Amino acid sequence: MTALRRVGYPLRLAAARLSRRATTALLATAGVAAGAAMLATVLAATVVARDESLGRAVEEIPAAHRTVRAGWFGVAGASAEPYAALDRRARSALEGVVDEEPASLVLFRESTIAGEFVGLGAVDGLGEWVTLRSGRLPRTCAPGRCEVVRLRGEGRIPSVPGLRLVEVGEATVSSPVLFGDFIAPAESDRSRAALSPLFRDAVVYHRPSPAPLVLAEGVEELAALRELDAVYRSYSWVVPLGSDTVRAWEADAFAGDVARARSGLQSGSSAFDLTAPVEELRGAAEATDVAGRRLLLVGGESAALLFAFAVLAAVGMRRDVEEARQRLVWFGARRWQLSLFTASETAVVALVGTAAGWAVGTGIGALVASRAGAPAGEVLAQSTLSAGGLAVAAALAAALAVVLVAALRARPVALGGRAFSALDAAAVGAAALVALTLARGDLDADALARGSGNAAALVLLPGLVTFVAAVACARLLRPALLLLERATRGRSVSLRLAALSLARHPGHAAVAAAFLLVSVGLAVFAESYRSTLARGQEQQAAYAVPLDFTLRQDLTRLIPVVDAAPRERLAKLGEDVRAEQVVRVAGNVSRAGGRTGIAVLGLDAGALPVLGGWREDFAALEPAELAARIRPSGDPGPRGPVLPADAAALELRAQGPRVVLTASVETPRGAYAQLALGEAAREGPVLRTPVPAEARGGRIVALTISPRARVQERGGEGVPRQVELALGGLTARTESGDTVALGGYDRWHAVNGLEARAQADGAVLRGTLSEQAASRFRPRQPSDEAPVAVIASPGVAAAASGGELPLRVGGEQVVVRVAAVAERFPGTRGDFVVADRRLLSTALNAERPGLAVPDEAWLGAETPAGRDRLAAALAEPPFDLLEVESRAALASSLRHDPLARGTLLTLLAGALVALGLALVGVLLGVVSDVRDERGELQDLEAQGARPALLRRVVRLRSLVVVAAGLAGGLATAAVLSLLVVDLVTVTADARASDLPLRAEVAWPVLAAALGAGALGTAVLVAAASRRL
Amino acid sequence: MTSAVDIRDLFRVYPAPGGGVVALQGLTLDVRAGEVCVVLGPSGSGKTTLLRMLAALDRPTAGSVHVHGRDLGRLSGRARSRYRAETLGYADQHYRRALAAELAVQDLVALQLGLAGATRRERLSRAGDLLERVGLLDRARARPGELSGGEQQRVAVCAALAHRPRLFLADEPTGELDAGNARLVYETIAELARDDGTTTLIVSHDPESASIADRIVRVRDGRVSEEAALADGQDEAIVVGRGGWVRLSEELLRRTGIRAHATARLHEDGILLAALPSAEPTLAPESGPPAAAAEPERGAVVAEARGLTRTYGTGAAAATALAGIDADFPGGELTAVTGPSGSGKTTLLHLLAGVDVATGGEVLVLGQPLGSLDRDGRARFRARHVALVSQDVGLVPFLTAAENVELGLALRAVERDEAAARAADALASVGLAGVAARPASELSSGQRVRVAVARALAARPRLLLADEPTARLDAANALSVARLLLALARETGAAVVCATHDPLLVEHADAHLDLERRSRTIAPRIAAG
């Protein structure tokens, strides 16, 4: 018992001290609590943001696929189990996956029933799933009368004994959930097209008119009809997934449940299957994990701040604790009792502070969760109150206690005539660890995005860097002060005295400056990283949509941009609207080191300087200079005879072998029309083709001469054929019957196997035709005179030889000249080539007419009001036939992404907490300064210093410390920002960005924060030193 | 009686920039079990270091310390802490430091028992007994802040003796108390210690402490210089150190005319020391005051104290540092202000300097009542006319001696060039011209004090105040500084006022103001050399 009392007594003393000296302990505890609360909030907010983000991802899954669906496929007669048994098994399996009761249905897909081709199905509770267009809902199906509603299709509905289908109305399906793609294939395909670009091309195929589809009420009743026993059917049990059905932390468990349920079902019958959008959920969960890992930065920042505050608090408590220890030493306390006393006192501060902070952070987390509509209890159970979260809190409290004790008790050791503390050794170790980690690439951005990054290293990075900087600041402070003292001799007595007194006893000042460095550094880092991410969102939006709007062809409608938004319609949008037609095709470079999937962009050179999304780090040259490099010297437009505006037909005499001639006409809208003239013949007939309305007034850019079509064995190749073809002049016949000669062939030439010789009344073409390359006879174009000048990405430019690059587009080759190199170009992804649109179009269309037509339009307005008007106009016909992408909408979407919002808010909160703690640090520093240096100040006063001078000295001391902390903090923030932005390239919404983040500083915000901090500091310092 | 404390040839040298600082040099002391031994000596003579050695808080550089047969220098860390827990009781000069503000009086008294694992009943019983004996039982549940200074010190003594230690150490136990309270505390110590047969070692400046002593030991320069066993009624004995070293007091030397050398010869059953007949150099080249200084020229009164009173705090915690002091401080004279610790010496200097303000009475300097000036006005006045050398001389260690002096002048708004010239003169006048360019950290203790004096001197004050200027100096340096201050008073005509415990300085003073006895005496003229 005596031993127990010996143990208990120091604890009792510590408790008595803490209860009586509440102010100091409370201040320290409050600081610890603030940091711990920040950490806990980060943990909880991360889970909330991930959950909200996953919910969004779920909502983006097409409704038809956003279900958990158990299915059974087969013939009833061949199954040993009746429907009721199958129903029980399916429902039982689904219970293990989702809580809701499934809706059930049976479907006889496009079956032949009684000789009629029909789709037949039944649903339990049909009224919930369809909307009546006419008639009424059917009653429960019975063998004698099975009432149905027709959903689609024409034709007769079978009605035979034993299966008397009676149509009682027409309806449409109100939700795609139940029938998936079967009932609403078009909508479903469109959704898929949005998901997968590879699917786009498949959407456009024609579908035959579907067979009648009818639905009855009552699955079991319809399934039991004897007449259908031999008909192949599918039963489905469907539970729709809501945005909150699967929480972020349940994605893996959900996948496991699905797999188990599927396995359970299939073990009973291979006819069963169970599907759910598991992969989509997993993908979304992985994206949210990246954001979670990035938020570790904020967590690491909070931890660093917390530990820095602990050191500051410990230094503030040191004198008091030392006195208490000294007292106990005199009173005969054993060493272990002293240790127990100190440890228990610091442990209480650490434990109570951490517990209080964790509780506050948990409360804030619950608030955030409830505001976001997430289940607060579950969020907390997954974050701050999870086993891992509580372990983090416990480890944090233990680490804080250790830091407090170490800061209170650690004594420097002499080495080579200099004193080194444990902090110095730790700083050297930390610097080595940072260097090692960076050298090993543990913080590689790709690894982080993949999720294989070293999360521990990431969470430690800000803390370690800041710690090294803080120790360096503390160690460099004294030499800097001595230099300052030297510099101020004969100038300012007060500043000299301030420097001298700080240099004499730099301990507390060094800790205060180091703490300020930590808090200011982390505050500025958090704010600049927040600015970087926020600015990154704007840049991303501007990069993706270089002007305010981008119009593209809607793949569900397939209406070309030049048709829906021709130049003249764009011109009518308003005088303040800038409209740029854009050509975008895919190209390849086959040369060694070549690239595929190059975006070949044609854009008016004059538009380059006004494009949004441009950053000066994209290229060494300014946009205006780049524009000058690609701007064509003359008229870059295509040359060729122009059809009269009232041309009704195009005529051409062609004498020679039986080859097919086609005239290519660039329409006034910029599209291309191919006018089939027909076959040439020995007798030299006049070939004639009507001119369609859209081609009237167009320009003839080529005559294509191709071999006559013939039956050819599969796999065989056509044999090259020698031809000699005499062409007469091109003429147009107008609607009024006049004949208009379209000129000779003076500036024409033949390509791809032919040679041309112009004659007075026509031309003679000689050469070889093949089926591998179309032979053409066409006017010489501006692009024939010199290669098209382009701006190329570095990868593409590297493949150029002598500055020229053979580019393959749509199977044709065009040689371009690399006039400038840029890392990136707005509106593109990956490698790119950008040229003047008209010259590029001319060049490509010269190789194959129609290869390059404007397929995008970039629109911008000069004023916000103009943008609003433009947005309204684009929502109206004919522009609504196109896909409209808005920069503002994209930016808004990025801004409202839950992860982005969570990240930015967390960073902002981190910055504010750090700034607040910096002010607390300043206050602590000034109060301690006034208290600790009272003797020295009195000595100065005794030597003749006036009170005003003393106040100036104290204020300058604070100013010097604050300046040192501020300078160090800004430098640390700069290093951290560059390091982190360089390493963590994922954007605010946790996606790998096409556009690398670039460290940004919101100078107004920073200036305002620093101004507020300076004002707060001035007020605190003035107040604390007022009574000197 | 057996020996409780046996200290032999104890040396303690502390490392310091520019060389070690010797705190103890060959101290030998023997204290018998149950004996009450009072150790007297000026500040810096090694008393506190001696206590730290006895408390096993420090280890000897050389020599040995045995307490009840245990060699403290060889104890392990654990054994030292056990030794403190079981054997030692300690009462500090700053009793407030010993009394944790958060504990009640009875808990404070029982603190050491609690750490030893005593039950609550045992703790409270013992605390009650002790508090009853010192008349504080009714304050058992009070906090220290609710007690007067004397009550607090009595509580501190009780706390140090509650566990019945075999050795009780007290460092200036009445340092901050008035005479009445001091007497009460001494009586408490004597009563409690003697009841339990506790060996007691009291370190003090206060002659009152001798009233309870079985033996008085005087310490100077880190060794025992004299001792007297009062119980035997014998005179103070001169200590003969190992190797035959004997230290003679300055008074003896002065009266016998012995200077640097003397003759020694057997005389009956003793040794007769006599001065050499020829004139000899002084003990140290700079130690003698200039010839002109030998003749004091009493000038007009520079500073006056009229009914000067200074009280700190209010209510029960109020402490009177000075009460109704009247004194004149004429120009050209060195006045020594003495009194035990806590008698108000430093307070008086601060009031004369205008750093502090009297709660009663008046201070006039050059006819200016300082009480009529506000703080800023006093600072301006001080900058022109007054210089104060604090006990902690406050030099900036990494500045040279000259730079330190110049810095002091910069505070008084003296131009840089003039400050440099004045600094050079002042350092020369204190005999430190040769070390003017050396950093203060590389100077000896005596040199640092003289730099501080030079800093004050360079301000050309009419009133020069020095607080314990010979503290922590060995005898030779103390003598040098005393003579220097006297010479400065003579040369500059300034009134020099020194608060001191050091008899050497008192001996050199023209006047002696004893704050304890509230008397001012004109000292007999000190013969030059």
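Bear in mind that the values here come from a model prediction, so they are computed numbers and not experimental data. In what follows, chains carry the letters A, B, and so on, assigned in the order in which the sequence lines appear, proteins first and then strands, with residues in each chain numbered from 1.
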Which residues share a salt bridge (Lys or Arg N to Asp or Glu O under 4.0 Å) with B/Arg164, sequence neighbours left out: B/Asp196
At a 4.5 Å cut-off on heavy atoms, which part of A/Arg489 comes close to chain B: side chain, backbone, both, or neither? both
Whatever's closer than 4.5 Å to a heavy atom in chain B on A/Leu497 counts as side chain
How many angstroms lie between atom CZ of B/Arg375 and atom CG of A/Leu950, to the nearest 0.5 angstrom? 6.0 Å
Pick one of side chain, backbone, both or neither for A/Ala945, based on which atoms fall under 4.5 Å of a heavy atom in chain B. both
For the candidates B/Val386, B/Val389, B/Asp376, B/Val355, which exhibits the highest count of non-hydrogen atom pairs separated by less than 4.5 Å from chain A? B/Asp376
What distance separates B/Arg382 CZ from A/Arg946 CZ, expressed to the nearest 0.5 Å? 11.5 Å
Options B/Gly377, B/Gly89, B/Gly114, B/Ala118, ranked by heavy-atom pairs under 4.5 Å with chain A, top entry: B/Gly114
Scanning both residues in full, the closest heavy-atom pair of B/Ala379 with A/Pro947 reads CB-CD, 3.8 Å
If every non-hydrogen atom of A/Gly944 is compared with every non-hydrogen atom of B/Ala383, which pair is closest and at what distance? O-CB, 3.8 Å
Using heavy-atom distances under 4.5 Å, tell me whether B/Thr119 contacts chain A through its side chain, its backbone, both, or neither. both
Does any heavy atom of chain B fall under 4.5 Å from the side chain of A/Leu949, the backbone, both, or neither of them? side chain
Counting heavy-atom pairs closer than 4.5 Å to chain A, which one of B/Ala91, B/Gly354, B/Ala116 comes out on top? B/Ala116
Is it the side chain or the backbone of B/Ala159 that comes within 4.5 Å of chain A heavy atoms, both, or neither? both
Which value, rounded to the nearest 0.5 Å, describes the distance between A/Arg327 atom CZ and B/Leu103 atom CG? 8.0 Å
What residues of residues 453-461 of chain B sit under 4.5 Å from chain A when you count only heavy atoms? B/Arg455
Using the rule given for side chain to side chain contact (heavy atoms under 4.5 Å, CB included), can you reason through B/Val396 versus A/Glu485, listing the C-alpha separation, both sets of side-chain angles and the distance that settles it, and then say yes or no? CA-CA 12 Å; B/Val396 181; A/Glu485 188 272 327; over 6 Å; no
Checking A/Val7 against chain B: side chain, backbone, both or neither under 4.5 Å from a heavy atom? neither
Applying a strict 4.5 Å limit to non-hydrogen atoms, the region of A/Leu482 in contact with chain B is side chain
Does any backbone or side-chain atom of B/Glu86 lie under 4.5 Å from a heavy atom of chain A? Answer side chain, backbone, both or neither. side chain
Against chain B, label A/Ala503 side chain, backbone, both or neither, depending on which of its atoms sit under 4.5 Å from a heavy atom there. both
Toward chain A, the part of B/Arg384 with a non-hydrogen atom under 4.5 Å: neither
Which region of B/Ala353, side chain (C-beta onward) or backbone (N, CA, C, O), has a non-hydrogen atom less than 4.5 Å from a non-hydrogen atom of chain A, or is it both or neither? neither
With sequence neighbours left out, the residues meeting salt bridge (Lys or Arg N to Asp or Glu O under 4.0 Å) with B/Glu406 are none
Rounded to the nearest 0.5 Å, what separates atom CG in B/Leu108 from atom CZ in A/Phe331? 7.0 Å
Can you measure from CD (A/Glu941) to CG (B/Leu411) and round to the nearest 0.5 angstrom? 11.5 Å
With respect to chain A, which residue among B/Arg78, B/Glu415, B/His163, B/Arg123 yields the maximal number of heavy-atom pairs within a distance under 4.5 Å? B/Arg123
Salt bridge or not for B/Glu403 and A/Arg486, using N-O below 4.0 Å? yes
Is a side-chain donor or acceptor of A/Arg504 paired with a backbone partner of B/Leu395 at a separation under 3.5 angstrom? yes
Please answer whether the main-chain N or O of A/Gln943 pairs with a side-chain N or O of B/Arg412 as donor and acceptor at a distance below 3.5 Å. yes
Check whether B/Arg416 gets within reach of chain A through its side chain, its backbone, both or neither, counting any heavy atom under 4.5 Å. side chain
For the student: nearest non-hydrogen atoms of A/Ala942 and B/Leu388, plus distance: CB-CD2, 3.4 Å
Does any backbone or side-chain atom of B/Ala110 lie under 4.5 Å from a heavy atom of chain A? Answer side chain, backbone, both or neither. backbone
Could you tell me whether B/Arg120 atom CZ has more than 12 heavy atoms of other residues or ligands within 6.0 Å of it? no
For B/Asp417, I'd like to know if atom CG has over 12 heavy atoms of other residues, nucleotides or ligands within 6.0 Å. no
Residues in ring pair (Phe, Tyr, Trp, His ring centres under 6.0 Å) contact with B/Tyr90, at least two apart in sequence or another chain: A/Trp330
Rounding to 0.5 Å, atoms CG (B/Leu115) and CZ (A/Arg334) come to a distance of 9.5 Å
Applying a strict 4.5 Å limit to non-hydrogen atoms, the region of B/Arg378 in contact with chain A is neither
When B/Leu99, B/Leu88, B/Leu407, B/Leu465 are compared by non-hydrogen pairs under 4.5 Å with chain A, the top option: B/Leu407
Please give me the minimum heavy-atom distance between B/Ser390 and A/Asp939, naming the atom from each residue. OG-OD1, 3.2 Å
